[in-house]
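Just the heavy atoms: all of them, side chains too, but no hydrogens, waters or symmetry mates, feed the values below.
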Amino acid sequence: MDGATPYGWLPDGALLTQGDTLRWVGPMSGLPADLRGHITDEVDLGDRLVTPGLIDAHTHLVYAGDRAREFERRLQGATYEEIARAGGGIRSTVAATRAASEDELLALALARARQLLAEGVTTLEIKSGYGLDADTEARCLRVARRVGSALGVTVRSTSLGAHALPPEYDGRPDDYIDAVAAWLPAQAAAGLLDAVDVFCDTIGFTPAQTRRVFDAARALGLPVKLHAEQLSNQEGAALAAGYGALSCDHIEHLSASGIAAMAQAGTVAMLLPTAYYFLRDTHLPPVQALREAGVPIAVASDHNPGSSPGLSLLLAMNMACTLFRLTPEEALAGTTVHAARALGLQATHGRLAAGCRADFVAWNLNHPAELSYWFGHRPAQRVVLGGRSVSND
């Protein structure tokens, strides 16, 4: 995924790692003579396809409970908005998450993260947003950090306190937004934050309220991202782009002005096809307009208990192709180079290039298009995290 050829394809390639970093990448015959003498161990990957480690740049892995009953209700005709307004949806997960200890949440999140790792995911974002009070939000962010430490994966943690209105703030959304903004300095001081997110939509928060959270993040030097234009067009993407947002996510109802603002700001368009599928949405994101505007497109699993309970980034890639008409190359770029950009990691992640982190996967596949073609199995034969093999046959 680095170079002018399709996929950055390199036949008969070799990787030289030093510690947790890629020292050299190129054709086997091209290894510089001055590096040959430093090789202490050689691994033959058996002519397998090798790609950068996949990046799942939008997940909600830290929570307790499930929402299977709501799934039934939706199939019986209830809408996502109706369930949320009746006290279900995010609020039901909040109650279960508040009742869980930090260690219980960690055990649940680790099990989910291991599922992603087994599929070749070596970097992921984990959002808070199921605590909705100062203590539980901080607890969820600590769990996100502990997931990274326990597994050796790169984890970017994002504060999503402005995910929904908790019951104790019924009728007082502005007061709750004040509280969310007030939590950020302590979260940042504790080293728990890499970014700040808001759910800006009809069942979330208004653009004006979003702006107040973003202003608080900016005062702390934190980048922002946005759940934008999922259920309606609130022009949140344009607002977020004005803050130099890393990404705008969902974006099924993204407008032309939002696309133009994102293109100017370099904001990544984050497609979440599994949520689109699970909610039985019919309003497609404007993929062709994003292409024409030169907006980088990423793809993520959006793992969460309400609208995307799956744990397969490969399935999300397949759905991005079948539902949104991405090409397989775009889908792989969306889970490597563009996903890295959506997390602010474009200098070190998402490519096989000298100086990048030595995260890569050897697949039992012949061509990278197969990553989006097959689904329902795990073709990752060996996963390497920071130069260390964590999975093989």
Tell me, do [X] and [Y] make a side-chain contact under 4.5 Å, heavy atoms counted?
| X | Y | answer |
| --- | --- | --- |
| I259 | V295 | yes |
| S312 | E119 | yes |
| T123 | L343 | yes |
| P207 | E235 | no |
| W24 | L31 | yes |
| I251 | L271 | yes |
| L226 | D249 | no |
| R145 | V147 | no |

Out of curiosity, does [Y] fall in the hydrophobic cluster containing [X] (side-chain heavy atoms, cut-off under 4.5 Å, transitive links)?
| X | Y | answer |
| --- | --- | --- |
| V224 | L222 | yes |
| M1 | M270 | no |
| L254 | L326 | yes |
| F324 | M317 | no |
| I177 | Y130 | yes |

Using a strict 4.0 Å threshold on nitrogen-to-oxygen distance, state whether [X] and [Y] make a salt bridge.
| X | Y | result |
| --- | --- | --- |
| D197 | K127 | yes |
| R98 | D135 | no |
| R73 | E70 | no |
| R139 | D103 | no |
| R388 | D20 | no |

- Task: List the steps, then state whether side chain to side chain contact (heavy atoms under 4.5 Å, CB included) holds for V196 with V213.
- Result: CA-CA 8 Å; V196 175; V213 177; 3.7 Å; yes
Side-chain donor-acceptor pair present, [X], [Y], cut-off under 3.5 Å:
| X | Y | result |
| --- | --- | --- |
| R142 | Q187 | no |
| R23 | Q18 | yes |
| D56 | T59 | no |
| T21 | R357 | no |
| E292 | Q288 | yes |
| Q209 | R212 | no |

Verify the neighbour count for atom [atom1] of [X]: are there more than 12 heavy atoms of other residues, nucleotides or ligands below 6.0 Å?
| X | atom1 | answer |
| --- | --- | --- |
| R69 | CZ | yes |
| Y277 | OH | no |
| D34 | CG | yes |
| E42 | CD | no |
| W374 | CH2 | no |

Within the distance-only criterion (no hydrogens, no angle test), does the side chain of [X] pair as donor or acceptor with the backbone N or O of [Y] below 3.5 angstrom?
| X | Y | answer |
| --- | --- | --- |
| N318 | S372 | yes |
| E329 | Y7 | yes |
| T93 | G65 | no |
| E370 | N366 | yes |
| R74 | F71 | no |
| E229 | Q234 | yes |
| T267 | A245 | yes |
| S92 | G89 | yes |
| E137 | G129 | yes |
| N304 | G306 | yes |

Nearest heavy-atom pair of [X] and [Y]: which atoms, and what distance?
| X | Y | answer |
| --- | --- | --- |
| A144 | V62 | N-CG2, 4.3 Å |
| A64 | A100 | CB-CB, 4.0 Å |
| V361 | A380 | CG1-CB, 3.8 Å |
| F278 | S308 | CD2-N, 4.3 Å |
| T17 | A358 | CG2-CB, 3.9 Å |
| V155 | D194 | O-OD2, 3.9 Å |

- Message: For L132 and Y169: C-alpha separation, side-chain torsions, deciding distance, then whether side chain to side chain contact (heavy atoms under 4.5 Å, CB included) applies.
- Response: CA-CA 10 Å; L132 308 189; Y169 280 89; over 6 Å; no
- Task: Please lay out, stage by stage, how I126 and T158 fare under the test side chain to side chain contact (heavy atoms under 4.5 Å, CB included).
- Result: CA-CA 6 Å; I126 300 178; T158 297; over 6 Å; no
With rounding to the nearest 0.5 angstrom, report the [atom1] to [atom2] distance, [X] to [Y].
| X | Y | atom1 | atom2 | value |
| --- | --- | --- | --- | --- |
| R146 | L141 | CZ | CG | 13.5 Å |
| L22 | T348 | CG | OG1 | 11.0 Å |
| T335 | L313 | OG1 | CG | 5.5 Å |
| N233 | H283 | CG | NE2 | 9.0 Å |

- Message: Under 6.0 Å between ring centres: does that hold for H303 and H58?
- Response: no
- Message: Taking ring pair (Phe, Tyr, Trp, His ring centres under 6.0 Å) as the cut-off, I'd like each qualifying pair that reaches into residues 183-209, sequence neighbours left out, listed once.
- Response: Y176-W183, F199-H227
- Start with the C-alpha gap between E252 and D281, add the side-chain angles, then the distance that decides, and say whether side chain to side chain contact (heavy atoms under 4.5 Å, CB included) holds. CA-CA 9 Å; E252 283 88 346; D281 202 348; 3.9 Å; yes
- Task: Apply side chain to side chain contact (heavy atoms under 4.5 Å, CB included) to P379 and list each qualifying residue two or more places apart in sequence or on a separate chain.
- Result: L314, W363, L365, H377
- After noting the C-alpha distance and the side-chain angles of D359 and R351, does the key distance pass the salt bridge (Lys or Arg N to Asp or Glu O under 4.0 Å) rule? CA-CA 9 Å; D359 291 344; R351 297 175 294 126; over 6 Å; no
- Task: Give me the ring orientation class for F214 and Y243: parallel if the planes are under 30° apart, tilted from 30 to 60°, perpendicular past 60°.
- Result: perpendicular
- Pair H250-Y276, ring-ring contact (aromatic ring centres under 6.0 Å, His included): steps then yes or no: CA-CA 8 Å; H250 288 290; Y276 175 93; over 10 Å; no
